[in-house]
Student: 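Here's a structure for you.
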Amino acid sequence: MAVETIDPAGLPKPDGWRQLAVGTGSRVVFLSGQVARTAAGEPVGTGDLAAQTEQAYLNIATGLAAAGATFDDVLRLTMYVVDWSLPKWAEVTAGAQRAAARLGADVVRPTTLIGVATLAEPDFLIEIEATAIVA
């Protein structure tokens with residue numbers, strides 16, 4: 001496996017992410033921010049942050065597969081969430097857990113979450129970027 005995730009002693013215990021990932025592969029994959037759209041461009045989960053999070057994770061898995069990667073190869077995720085507030089973390093986590101169950105994958109990775117005023121289209125509530133490394 002090209003990625004080892006670590007939660008070292010001396011750093012806060014994470015809830016829904018990892019503190020670090022160490023990559024040892026030879027190809028780096030940068031996946032553009034994924035949103036709640038199907039392959040046909042149809043919106044998913046309008047107004048539902050958990051559903052949009054789930055779809056974004058599913059789209060990440062599709063993009064990773066095209067590069068010969070899986071979530072096991074993901075070094076980090078960056079999430080952009082519209083009008084972020086702490087209570088929304090439960091919805092983001094629920095969507096990630098549903099995607100993990102559907103994919104049969106561990107999607108918990110080092111993650112940065114950034115609150116934003118808006119995203120590229122008015123119905124987007126979340127956008128998630130991924131960086132992976134493939135051996």
Side-chain angles (χ1 to χ4, degrees):
M1 194 174 342
V3 176
E4 174 188 11
T5 58
I6 305 167
D7 294 317
L11 291 179
K13 182 177 177 356
D15 180 20
W17 71 92
R18 296 283 178 249
Q19 289 288 7
L20 9 141
V22 178
T24 56
S26 58
R27 289 185 322 130
V28 179
V29 177
F30 296 94
L31 184 60
S32 181
Q34 297 300 304
V35 295
R37 290 284 190 269
T38 66
E42 296 298 318
V44 174
T46 301
D48 183 339
L49 180 56
Q52 289 198 17
T53 301
E54 178 181 8
Q55 185 63 45
Y57 272 94
L58 297 175
N59 290 350
I60 289 168
T62 299
L64 291 170
T70 70
F71 265 96
D72 287 341
D73 302 307
V74 173
L75 289 167
R76 70 173 308 202
L77 300 169
T78 303
M79 297 180 175
Y80 303 90
V81 181
V82 173
D83 296 326
W84 173 252
S85 63
L86 192 52
K88 290 183 178 183
W89 183 243
E91 296 173 75
V92 171
T93 300
Q97 289 171 342
R98 291 196 315 238
R102 287 180 65 180
L103 296 167
D106 177 4
V107 300
V108 178
R109 292 291 177 263
T111 302
T112 298
L113 189 150
I114 301 168
V116 296
T118 189
L119 290 166
E121 294 187 27
D123 62 314
F124 294 164
L125 300 177
I126 188 167
E127 184 170 335
I128 307 173
E129 297 175 337
T131 303
I133 190 161
V134 183

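Here the structure is a predicted model, which means the values were calculated and not measured.
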Student: Within a strict 4.5 Å, meaning less than it, do heavy atoms of the Tyr57 and Leu77 side chains meet?
Tutor: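 With C-beta onward as the side chain, the pair touches.
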Student: For Asp73 and Leu64, what are the C-alpha separation, side-chain angles and deciding distance, and is it a side chain to side chain contact (heavy atoms under 4.5 Å, CB included)?
Tutor: CA-CA 9 Å; Asp73 302 307; Leu64 291 170; 5.9 Å; no
Student: To the nearest 0.5 angstrom, please state how far the CZ atom of Arg109 sits from the CG atom of Asp72.
Tutor: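 It is 6.0 Å, given to the nearest 0.5 Å.
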Student: I want to check something: taking the side chain as every heavy atom from C-beta on, are Gln52 and Pro43 in contact at a cut-off of under 4.5 Å?
Tutor: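 Not touching, per the 4.5 Å side-chain cut-off.
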Student: Could you tell me which non-hydrogen atom of Ala51 sits nearest to which non-hydrogen atom of Gly45, and how far apart they are?
Tutor: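 Scanning both residues, the minimum pair turns out to be CB-CA, 3.8 Å.
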Student: Which distance, rounded to the nearest 0.5 Å, do you find between the CD of Glu54 and the CG of Leu103?
Tutor: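 Nearest 0.5 Å value for the CD-CG distance: 8.5 Å.
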Student: Please give me the minimum heavy-atom distance between Val107 and Ala100, naming the atom from each residue.
Tutor: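 Looking at all heavy atoms of both residues, the closest pair is CG2-CB, 3.9 Å.
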Student: Decide whether Val22 and Leu75 are clustered together by the hydrophobic rule: side chain heavy atoms of Ile, Leu, Val, Met, Phe, Trp, Tyr closer than 4.5 Å, transitively.
Tutor: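 Result: no, two separate clusters.
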Student: State, yes or no, whether a side-chain contact exists between Tyr80 and Phe124 at a heavy-atom distance under 4.5 Å.
Tutor: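 The answer is no, as the side chains (C-beta and beyond) never meet within the 4.5 Å cut-off.
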Student: Can you name the closest pair of heavy atoms from Pro12 and Gln19 and give their distance?
Tutor: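 Pro12 and Gln19 have their closest heavy atoms at O-NE2, 2.9 Å.
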Student: Which distance, rounded to the nearest 0.5 Å, do you find between the CD of Gln34 and the CD1 of Ile128?
Tutor: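 Those atoms lie 9.0 Å apart.
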Student: If we check side-chain contact (heavy atoms from CB on, under 4.5 Å) with Leu119, which of these qualifies: Val82, Val81, Val35?
Tutor: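 By the side-chain contact (heavy atoms from CB on, under 4.5 Å) criterion, Leu119 pairs with just one of Val82, Val81, Val35: Val82.
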Student: Taking the side chain as every heavy atom from C-beta outward, state whether Glu129 and Phe30 have any atom pair closer than 4.5 Å.
Tutor: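 Glu129 vs Phe30: side chains apart.
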Student: Quick one: are Asp83 and Lys88 in side-chain contact, heavy atoms under 4.5 Å?
Tutor: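 Sidechains of Lys88 and Asp83: in contact.
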Student: Tell me, do Leu20 and Arg76 make a side-chain contact under 4.5 Å, heavy atoms counted?
Tutor: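 Contact flag for Leu20/Arg76 side chains = no.
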Student: Between Val74 and Val3, is any pair of side-chain heavy atoms under 4.5 Å apart?
Tutor: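 Val74 does not reach Val3 side chain to side chain.
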Student: If we check side chain to side chain donor-acceptor pair (under 3.5 Å) with Arg18, which of these qualifies: Asp106, Thr111, Asp7?
Tutor: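 Testing Arg18 for a side chain to side chain donor-acceptor pair (under 3.5 Å) against Asp106, Thr111, Asp7 leaves exactly one candidate, Asp7.
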Student: Which atoms form the tightest heavy-atom contact between Ala69 and Val134, and what is the distance?
Tutor: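 Shortest heavy-atom separation between Ala69 and Val134 comes out as CB-CG2, 3.6 Å.
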Student: Mind running salt bridge (Lys or Arg N to Asp or Glu O under 4.0 Å) on Arg37 and Asp123 for me, showing each step along the way?
Tutor: CA-CA 10 Å; Arg37 290 284 190 269; Asp123 62 314; 2.9 Å; yes
Student: Can you find a heavy atom in the side chain of Phe71 that is under 4.5 Å from one in the side chain of Ile60?
Tutor: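 They are in contact (side-chain heavy atoms under 4.5 Å apart), so the answer is yes.
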Student: To the nearest 0.5 Å, what is the distance between CD1 (Ile114) and CE (Met79)?
Tutor: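 Between atom CD1 of Ile114 and atom CE of Met79 there are 11.5 Å.
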Student: Rounded to the nearest 0.5 Å, what's the gap from CD on Glu91 to CG on Asp48? Could you check?
Tutor: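 If we round to the nearest 0.5 Å, Glu91:CD and Asp48:CG are 7.0 Å apart.
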Student: If you look at every heavy atom in Gln55 and Thr38, which pair is closest and at what distance?
Tutor: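 Smallest interatomic distance, heavy atoms only, reads NE2-CA, 4.4 Å.
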Student: How far apart are the closest heavy atoms of Leu125 and Gly47, and which atoms are they?
Tutor: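 Minimum heavy-atom separation between Leu125 and Gly47: CD1-C, 3.7 Å.
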